[in-house]
Each structure stands twice: as C-alpha cells, then as structure tokens.
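Structure record follows, encoded as structure tokens.
In this chain, residues are counted from 1 in sequence order. What you see is a predicted model, and the numbers here were worked out from it, not measured in a lab.
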Amino acid sequence: MGLSLVIVALCPASSAALINAMEFLMVGADGSRPMTLLETLNWLAQQAVVPTHTIGRSFEAACRECEISEDKCMLDLLAKPQQLREELENLLSPGVFTFSSALEQVLLGNLTWNRLPGEFLFVWLLGRNRWAIRQSFQANLGEIQRAGFICVSPRGKHMLFIFSAGETDEAAEKQGGQVFKELQKQGVLKDHPEIQASVVVTASQENRGQYYRAGNPTDPDLLRMHALSDFLIKQA
C-alpha cells in the first residue's frame, strides 16, 4: 500500500489529482530519491500550512472537502503524531504481519509454500511502482484462495497479474496456471478486452531466472517475485 492509498483511507474524499500528485513523493522527481514516510509527512505538514506546491494545494483542498470526523482526517492527524502513528499502523500492520509471519511459518515447515499469502507484498510493489489496481477477482482452488488483479501502468497499459506460490518453481507455476484458468472460466479476460497481457508472478524456494514469455499466446507469461519491481518499471 503506497502513501497515497493511506491518505485515501484516512480521507476518502481525496481527489484523483491528489492521488496523482502523491506519486511525486513516492517515486521521487527529477532524479531525486523518493522521500521516506517521515519526510513525506513533515513535507505535507509544511504544505498544509502554506500550500505552495500542487501536491500541497490538492491535499489541502481534498481535506477541506472531506466529510468524515475530524479526528480521522490526515490533515488534523499531522498535529497528533501518536494518533497518526496508530492509524497508519492499523492500516499497514495486518498485511505486513500476515505476510512476514506466514513466511516464517513456511520456512519453519509449519505452513506449505502453496498457501503463502503474498498478495500484500505483491500489491504494495504495484503501488510503489505507480501501477493502479483497477479491479480484483478471487479464484478458489479448493481450500486455497488466490486473486487476480487488473492493473494499469502510469502510461495506461492494462495487464492481468496473478500471484502464486509453491515449494518449487514448477509447483508455483502450476498454481498460477490454475488461477488463470479459473479466471478465464469467470469470463475475466472476455469481459475485459483492454487487458494487453497476463502475467503469473511466482514465489518458491527456487526462484530460478526472472521472466519467461509464454510459448502459447493464450497462456500467461511467468515472472519471479524478485524481478517484479524491475518488470513494472520497464513495462510502465
């Protein structure tokens, strides 16, 4: 989850202009490094007082239009660091702890690889690389549930991403293929002709290679989780 999504959660009336502007902070500008969360909050606090930048103006305008209680508004929480920290932890912690604790259990042998819930890290990386998630779909594989996401790059390229996991690369690829077929049965690809490519992102104990283009044009391409960020940048 990127900071722009955090702000939307705290201030639902945030405009599209604000979300786009927040990407300036998330990915850096003019070759500069991205700001840390603390640096971003400090910068926003200054802009909220004297909004001289388009981000500050958008942020200030969005918060003025917000109709939720003041104690939940990002603008007001900037002056309440302890409460702001608690709100951000409540938003981010479940996903972070679920993934990290599940990965620990997998490595300890208490949870099988095919059940690794990697969707949180997956979605985080998409947002961090400025890809928007337009729609998500659930696929049931017996006792295991996975999801597919229609994502749009900063330049408007639509792709279907699926996360899958397994003890080996082959097992992870097999699970991803099953999810893809389930989404096909649901009519996802048929109902969304804007999808230009489908990619299964895998995680396993092997993680060999990075990207493999499907031999059959009707099958999804394969991408290792460790190569996802680089892939998103190149495909943007």
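- Leu116 and Leu141 are not part of a single hydrophobic cluster, where members link through side-chain heavy atoms under 4.5 Å apart.
- Using a distance-only test at 3.5 Å, with no hydrogens or angles considered, a donor-acceptor pair links the side chain of Gln175 to the main chain of Asn114.
- Contacts of Phe161 classified as ring-ring contact (aromatic ring centres under 6.0 Å, His included), with partners at least two apart in sequence or in another chain: Trp131.
- With contacts defined as side-chain heavy-atom distances shorter than 4.5 Å, the pair Ile133/Ile150 does not qualify.
- Put simply, the side chain of Phe163 does not reach to within 4.5 Å of the side chain of Val179, judged on heavy atoms.
- With contacts defined as side-chain heavy-atom distances shorter than 4.5 Å, the pair Asp230/Lys234 qualifies.
- Of the possible donor and acceptor atoms, one in the side chain of Gln196 sits under 3.5 Å from a partner among the backbone N and O of His158.
- Side-chain contact between Gln235 and Ser153 is absent, with no heavy-atom pair separated by less than 4.5 Å.
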Criterion side chain to side chain contact (heavy atoms under 4.5 Å, CB included) on Val106 and Thr112, from CA distance to verdict: CA-CA 6 Å; Val106 167; Thr112 56; over 6 Å; no

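- In this structure, Tyr211 and Arg213 have side chains that are in contact, with non-hydrogen atoms separated by less than 4.5 Å.
- In this structure the side chain of Leu223 never reaches within 4.5 angstrom of the side chain of Val200, judged on heavy atoms.
- Qualifying side chain to side chain donor-acceptor pair (under 3.5 Å) partners for Glu194, counting only residues two or more places apart in sequence or in other chains: His192.
- Distance check, rounded to the nearest 0.5 Å: CG of Leu228 to CD of Gln210 gives 11.5 Å.
- Formation of a donor-acceptor pair under 3.5 Å by the Asn207 side chain with backbone atoms of Ser204 is found in this model.
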Steps toward side chain to side chain contact (heavy atoms under 4.5 Å, CB included) verdict (Val201, Ile162): CA-CA 6 Å; Val201 181; Ile162 295 168; over 6 Å; no

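- Between Ala172 and Ala203, the shortest heavy-atom contact is CB-O, 3.8 Å.
- Counting only heavy atoms from C-beta outward, the side chains of Met225 and Leu125 approach each other to under 4.5 Å.
- The OG atom of Ser198 lies 9.5 Å from the CG atom of Asp219; values are rounded to the nearest 0.5 Å.
- Panel note: side chain Ser164, backbone Thr202; no donor-acceptor pair is recorded below 3.5 Å.
- When hydrophobic clusters are built by joining Ile, Leu, Val, Met, Phe, Trp and Tyr residues whose side-chain heavy atoms come closer than 4.5 Å, directly or via intermediates, Leu126 is not grouped with Val152.
- When the salt bridge (charged side-chain N to carboxylate O under 4.0 Å, His left out) test is applied to Arg134, no partner is found at least two apart in sequence or on another chain.
- A continuous path of hydrophobic side-chain contacts links Leu183 to Ile195 [ILVMFWY only; heavy atoms under 4.5 Å].
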Val199 and Phe231: CA distance, side-chain angles, deciding distance, side chain to side chain contact (heavy atoms under 4.5 Å, CB included) verdict: CA-CA 11 Å; Val199 180; Phe231 179 85; 4.1 Å; yes

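- Contact between Gln186 and Ala139 at its shortest, heavy atoms only, is NE2-CA, 4.1 Å.
- Here side chain to side chain donor-acceptor pair (under 3.5 Å) pairs that include residues 102-111, with residues two or more places apart or in two chains, are Gln105-Asn110.
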Check against side chain to side chain contact (heavy atoms under 4.5 Å, CB included), Gln205 and Trp113: CA-CA 8 Å; Gln205 286 201 92; Trp113 271 95; 3.1 Å; yes

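- Between the side chains of Asp221 and Tyr212, no donor N or O sits under 3.5 Å from an acceptor N or O.
- When hydrophobic clusters are built by joining Ile, Leu, Val, Met, Phe, Trp and Tyr residues whose side-chain heavy atoms come closer than 4.5 Å, directly or via intermediates, Leu232 is grouped together with Phe149.
- For residues 145-174, the pairs satisfying salt bridge (charged side-chain N to carboxylate O under 4.0 Å, His left out) are Glu119-Arg146, Asp169-Arg224, Glu173-Arg224, with sequence neighbours left out.
- Residue pairs satisfying the salt bridge (charged side-chain N to carboxylate O under 4.0 Å, His left out) criterion with at least one member in residues 181-191, sequence neighbours excluded, are absent.
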